[in-house]
Every structure is written in structure tokens, then in C-alpha cells.
Protein chains: 2
Amino acid sequence: MKEGPDIARIAALIGDPARANMLVALMSGKALTATELAAEAGITAQTASAHLARLLESGFLSTRKQGRHKYFSLASAEVAGVLEALMGLAAGAGHLRSRTGPRDQALRRARICYNHLAGDMGVQMFDSLVSNQYLASGEGQLRLTETGRTFMAGLGLDIDALAAGRPALCRECLDWSERRSHLAGSLGRALFARFVELDWASVEKATRIVTFTPSGARQFQAMFGG
Amino acid sequence: MKEGPDIARIAALIGDPARANMLVALMSGKALTATELAAEAGITAQTASAHLARLLESGFLSTRKQGRHKYFSLASAEVAGVLEALMGLAAGAGHLRSRTGPRDQALRRARICYNHLAGDMGVQMFDSLVSNQYLASGEGQLRLTETGRTFMAGLGLDIDALAAGRPALCRECLDWSERRSHLAGSLGRALFARFVELDWASVEKATRIVTFTPSGARQFQAMFGG
DNA sequence: TTCATAGTTCGATGGTAACCGAAGCATGGG
DNA sequence: CCCATGCTTCGGTTACCATCGAACTATGAA
């Protein structure tokens with residue numbers, strides 16, 4: 001018999017180990033890219049792509065495209081609720097899977113994302129810029145305000161030169177460890193480049209981890225802290 | 001990749017159309033036999049047996065053996081909750097499956113089960129016998145009390161002759177439409193035979209439906225009603 | 001432009017599990 | 001005892017679907 005209640009379709013979707021791994025990984029609330037999810041599930045990118053397409057079509061996931069990345073996250077609290085309920089059942093009659101815990105503390109704190117600052121400190125900087133009204137987000141678009149322009153000039157950045165380039169000046173970028181936005185775009189890149197230039201921070205090659213010097217961290221906190 | 005979170009095992013179990021049909025059928029709270037569940041899922045008895053074994057082993061179902069029947073029901077409210085949650089999701093993005101509705105009103109009201117009375121009226125009679133203390137259930141065993149013996153004698157039944165037979169005198173039998181007990185055993189058979197003898201009721205051949213005559217229904221209500 | 005990376009599409013392959021026929025137990029009724 | 005019925009076990013077949021290699025598109029960086 002082929003036909004069955006819709007519940008079967010839904011459950012079968014969760015029932016595949018690869019897809020289940022992806023969904024569990026997304027339970028943290030973070031948005032993950034297709035490649036990350038593929039790694040999480042231990043499958044190749046092609047296979048992951050097929051799975052993700054099915055999960056999307058069935059309304060389990062929502063996406064947000066960002067540059068060449070495609071961020072996936074759970075579509076609704078209801079989906080998360082079902083997964084939670086299933087985990088409850090699984091816990092009842094079997095060993096619970098931990099799968100929590102930070103993978104790498106340093107990575108979460110500060111890292112390079114393409115070419116701009118991400119992680120804890122990236123988010124902090126972004127929030128600070130917004131709350132000081134240096135950045136304004138209107139109609140989904142991020143914009144540098146007049147006072148923001150002055151602030152950036154004070155840091156030694158030539159905004160006019162930056163704005164001339166093709167890529168957007170300001171862009172929000174979703175942070176996988178914080179699941180919140182940080183600043184991308186040519187401005188984000190220029191800002192981080194300036195930090196390196198000022199010797200506030202340096203990036204460990206091949207690890208994406210950003211290390212701040214003591215004095216650099218101090219000045220960063222003074223500028224973007226609390 | 002073979003390994004996956006336990007959630008995958010659980011979900012895959014629900015994800016098979018045949019099993020999902022069985023589980024949905026059990027969502028009504030009724031206990032169903034293996035054969036009934038096979039029919040519900042549209043598969044043969046052998047296949048159903050395999051499915052039910054897996055559901056049992058995983059703690060989804062509980063069973064109750066009764067004569068040559070094996071009644072299955074959902075093991076816990078938690079299982080029902082998960083199914084409910086899944087149905088909620090399915091309803092969100094698809095057409096809801098009705099699958100409710102009484103199959104046959106007359107069958108639910110009164111029918112023959114082996115050779116005794118079942119359905120609404122069977123349950124009603126059983127409850128009445130118990131609340132009048134004609135029947136007493138001690139340590140899972142059903143017993144006819146002294147006053148019960150007198151009552152049955154008044155109806156023209158020879159209890160001693162019945163008790164001599166091999167099958168138990170009194171037995172509870174689970175009712176599929178009501179999911180509650182009614183009276184089986186040789187006493188149950190004799191009682192129903194007496195009803196027929198008194199011309200209170202007759203059984204429609206090949207349908208198992210029991211039809212009460214107007215006066216029969218009246219006297220039945222007087223004896224076991226309220 | 002050229003190169004690298006993220007993601008997708010296509011086609012072929014393989015392993016798993018649902019399924020049924022046949023036969024084997026167990027129970028109930030005569 | 002025998003027969004009928006409910007359920008289970010076993011073996012073989014089939015169909016689906018997850019998986020990957022290879023090739024393609026799109027975006028970003030130099």
C-alpha cells in the first residue's frame with residue numbers, strides 16, 4: 001500500500017538518519033549553511049542538497065541566502081516542538097544523545113567570516129553601531145547614517161572610496177555561533193582590515209580564529225563595549 | 001552514514017505508511033486486534049505482525065492477550081502526544097485526514113462477540129452487574145457473587161451446570177468500539193442465549209449485529225438500565 | 001578576466017526493508 | 001479428537017531511496 005496518512009510523510013522525512021542529524025543540529029537555533037549541514041550529517045554536499053530541498057519543500061526549514069552561502073534554519077516553533085517531543089520519546093527508551101557543547105570556544109569569541117569580524121565580538125560591534133545610530137536598518141537594507149559616516153572617518157576610513165566599489169557598503173551577515181547579525185559588506189571588511197592595521201588584532205591562518213592583542217581588546221571594548 | 005540520533009529510529013518507525021495507519025487507528029484510544037490493524041493498514045496479517053512486533057519492541061504499543069485475540073493499544077500518553085504533534089504539522093501543510101466517523105452505528109450499539117453480547121449494551125450490562133455486586137473482580141479474576149448467583153437463577157440459568165464446563169464461567173472481554181469490558185465466558189454466552197430464548201433479541205446472520213425487539217429492549221433497560 | 005568556493009542537477013548503483021506465500025503454533029468450539 | 005481462526009515465523013522477491021561521481025551554475029576575490 002502506497003498511500004498513508006500525511007503523518008507518515010512527515011515522520012519519514014525526519015526518519016532518515018542524515019536528515020535527522022541536520023534537524024538536530026538546527027535545534028540549537030543557529031542557522032547553518034548547506035556545507036556545514038552536510039558535514040554534520042556526514043554526507044556529501046550533493047546528497048545534502050537533495051535532503052535540504054525536500055525539507056524545504058515540506059516546510060520544515062526556511063532559508064536565507066547570503067552571498068554564496070545559504071543559511072538554513074528551522075521554519076517554525078512548531079517544527080522544533082515536534083522534534084523536541086520525538087527527542088523526549090527517544091530519551092525515554094534509549095540513551096540520550098548529548099550533541100551539545102561548544103565546539104571551539106575561541107571560534108565562538110572572534111573569527112574571520114570571509115574578510116570581516118564575526119563571532120561574539122562581531123555581534124557586539126554590530127549591536128553597538130546600531131544602538132549608537134551609526135547604522136540604520138530601513139526596509140531590510142542596512143544604511144550608514146551621517147553620524148556613522150563621521151565616526152568611520154574618525155577611524156581613518158575613506159567611506160567615499162568604499163562606496164564606489166560594486167559590493168554593498170553595509171550588509172548584515174548571519175552569525176552561526178550567535179545566530180545574530182554582524183556587519184559585512186565592504187565596510188565590514190574595511191573595519192576589520194583597519195583593526196589589523198592598528199595592530200589590535202590578527203588572524204590565525206587556517207583556523208579563522210581572530211586574536212586580539214591586550215591593548216587592542218581594551219580599545220575595542222572602549223569603542224564598542226557596553 | 002548508518003548511525004544517527006535516536007530520533008531518527010523513532011521517526012522512521014512512524015514514517016512507514018502501514019505503521020502510521022495503525023497508529024492513527026489506535027489514536028482513538030480503542031484497543032484493536034492484530035487482524036483489525038492489518039485491515040486498517042491494508043496489508044496482510046504476516047506483514048502486520050512484523051510491524052506490530054517492531055512497534056512493541058520500541059515501546060510504542062502495549063498488548064493484552066485475550067483468548068485467541070491480541071489487543072494492541074498505544075503504550076502511553078506521551079506516544080499519543082507525539083502522534084498528535086505530528087498530525088498538527090501535517091495539518092499545517094496539507095489536507096487533514098478525516099478517518100473519524102463511526103463505521104456502523106448498529107454495530108457499535110449491540111453485536112455478537114463470539115457468542116456473547118458486546119457493544120454499547122454489552123458494556124452497559126457489564127457495568128450494571130458489577131455495580132449491583134453480582135460480579136466482583138478480585139486479583140484480575142472475575143467472580144460471580146452469591147447474590148449474583150441468585151439473580152442468574154431468577155433469570156432461569158443453571159449456574160452449576162455452566163460452572164462444570166471447561167471454559168471460565170466469567171471472563172472480561174475488551175470491547176473494540178467502547179474500549180471497555182463486557183461479560184464473556186460461559187456465563188456471558190448463556191445470558192445472551194437466554195435473551196434470544198426469551199425473544200428479547202435476535203442476531204442478524206453474517207453481520208454480527210444484534211437487534212432487540214421493542215419489548216426486549218424495554219425489559220433489558222429495566223434490568224440493567226440506569 | 002581567471003580562479004576558488006558554495007550549491008545544484010543528473011545518472012547510476014547498492015543496500016535496506018516492506019511485502020507476500022507457505023507453513024507452523026496456539027486457542028476456542030464442537 | 002478434529003476443524004476453524006488468530007497470530008507468528010521463514011524465505012525469496014521487489015521497489016524504493018539514499019548515496020556518490022561528474023558536470024554545471026552562481027557568487028566572490030584577485
Side-chain angles (χ1 to χ4, degrees), chain A residues 1-4 8-9 12-13 15-22 32-39 41-57 63-72 112-116 165-168 171 173 184-186 188-190 193 208, chain B residues 1-4 8-9 12-13 15-22 32-39 41-57 63-72 112-116 165-168 171 173 176 184-186 188-190 193:
Chain A
M1 187 185 221
K2 176 68 181 292
E3 89 165 287
R9 263 186 49 77
L13 222 52
D16 176 76
R19 284 191 294 266
N21 271 319
M22 294 177 173
L32 300 176
T33 68
T35 313
E36 285 169 328
L37 287 168
I43 54 181
T44 59
Q46 315 93 295
T47 309
S49 182
H51 285 311
L52 290 170
R54 288 185 60 185
L55 289 172
L56 260 183
E57 193 193 9
T63 60
R64 176 174 166 184
K65 204 168 178 197
Q66 196 159 92
R68 34 183 176 181
H69 293 289
K70 200 167 170 185
Y71 281 89
F72 293 86
I112 208 69
C113 171
Y114 292 114
N115 44 29
H116 54 266
R166 197 161 55 78
R171 231 176 50 230
C173 181
S186 57
R189 174 166 71 243
R208 291 162 52 213
Chain B
M1 185 185 224
K2 175 69 182 293
E3 88 166 287
R9 263 186 48 78
L13 223 50
D16 176 77
R19 284 192 293 266
N21 271 319
M22 294 177 173
L32 299 176
T33 68
T35 313
E36 286 170 327
L37 286 168
I43 55 181
T44 60
Q46 317 93 292
T47 309
S49 181
H51 284 311
L52 291 170
R54 288 186 60 186
L55 290 173
L56 260 183
E57 193 193 9
T63 60
R64 177 174 166 183
K65 206 169 177 196
Q66 196 159 91
R68 34 184 176 182
H69 294 289
K70 198 166 170 185
Y71 281 89
F72 293 85
I112 208 71
C113 171
Y114 291 114
N115 45 29
H116 54 266
R166 196 162 56 77
R171 231 177 50 233
C173 181
W176 68 258
S186 56
R189 174 164 72 244

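The structure displayed is predicted, hence computed values, not measured ones. Letters A, B, ... are given to chains in the order of the sequence lines, protein chains preceding strands, and every chain is numbered from 1.
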Between C:dG7, D:dA29, D:dT19, which nucleotide gets closest to the side-chain atoms of A:Thr33? C:dG7
Would you say B:Arg68 reaches D:dA4's phosphate, i.e. side-chain N/O to OP1/OP2 under 4.0 Å? no
So, for A:Ala8 and B:Pro17, which heavy atoms are closest and what is the spacing to 0.1 Å? CB-CA, 3.9 Å
When the distance from CD1 of A:Ile43 to C1' of D:dG21 is rounded to whole Å, what number comes out? 15 Å
Can you tell me how far C1' of D:dT8 sits from CG of B:Leu37, to the nearest Å? 15 Å
For A:Arg19 and A:Lys65, take the nucleotide of DNA chain D holding the closest heavy atom to each; which residue's nucleotide lies nearer the 5' end? A:Arg19
In whole angstroms, the gap separating P of C:dT5 from CD of A:Glu36 amounts to 16 Å
Does the side chain of A:Thr47 get closer than 4.0 angstrom to OP1 or OP2 of D:dC20 through an N or O atom? yes
Angle by which the axis turns from one end of the helix from C:dT1-D:dA30 to C:dG30-D:dC1 to the other, five pairs per end, to 10 degrees: 30°
Under 3.5 Å donor-acceptor pair, A:Gln46 side-chain atoms to C:dG7 base atoms: no
State, with a plain yes or no, whether a side-chain heavy atom of A:Thr33 is found less than 4.5 Å away from one of A:Lys70. no
Does OP1 or OP2 of D:dT8 have a side-chain N or O of B:Lys70 closer than 4.0 Å? yes
Using atom CZ of A:Arg9 as one end and atom P of D:dC17 as the other, report the distance to the nearest whole Å. 10 Å
Heavy atoms from C-beta onward define the side chain here; which of C:dT8, C:dA26, C:dA6 lies closest to that of A:Thr35? C:dA6
Under 4.0 Å, heavy atoms only, any strand: does B:Ala45 hit a base, just the sugar-phosphate, or nothing? base
Return all side-chain donor-acceptor pairs below 3.5 angstrom for residues 41-50 of chain A, not counting sequence neighbours, or 'none' if the list is empty.
residue	atom	partner	partner atom	Å
A:Thr44	OG1	A:Gln46	OE1	2.9
A:Thr44	OG1	A:Thr47	OG1	3.1

Does B:Thr44 make a side-chain N or O approach to OP1 or OP2 of C:dC20 shorter than 4.0 Å? yes
What is the distance from CE of A:Met22 to C1' of C:dG7, rounded to the nearest Å? 13 Å
If you round to the nearest 0.5 Å, how far is CG of B:Leu55 from CE of B:Met22? 7.5 Å
Look at the side chain of A:Arg19 and the backbone N and O of A:Leu13, then say whether any donor-acceptor pair between them is shorter than 3.5 Å. yes
Nearest-Å distance, CZ (A:Arg189) to C1' (D:dT27)? 14 Å
If you find the nucleotide of DNA chain D closest to A:Ala50 and the one closest to B:Leu52, which residue's nucleotide is nearer the 5' end? B:Leu52
Non-neighbouring partners of B:Ala12 that pass side-chain contact (heavy atoms from CB on, under 4.5 Å), sequence neighbours left out: none
A:Arg64 CZ to C:dA6 C1': how many Å, rounded? 17 Å
B:His51 vs C:dA17: side-chain N/O to OP1/OP2 distance below 4.0 Å: no
Where B:Leu56 and B:Phe72 come nearest, the two heavy atoms and their spacing: CD1-CE2, 4.0 Å
Atom CD of B:Glu57 and atom C1' of D:dT8: how far apart are they, to the nearest Å? 15 Å
So if I take every side-chain heavy atom of B:Arg54 and compare against C:dA18, C:dC19, C:dT27, which nucleotide ends up nearest? C:dA18
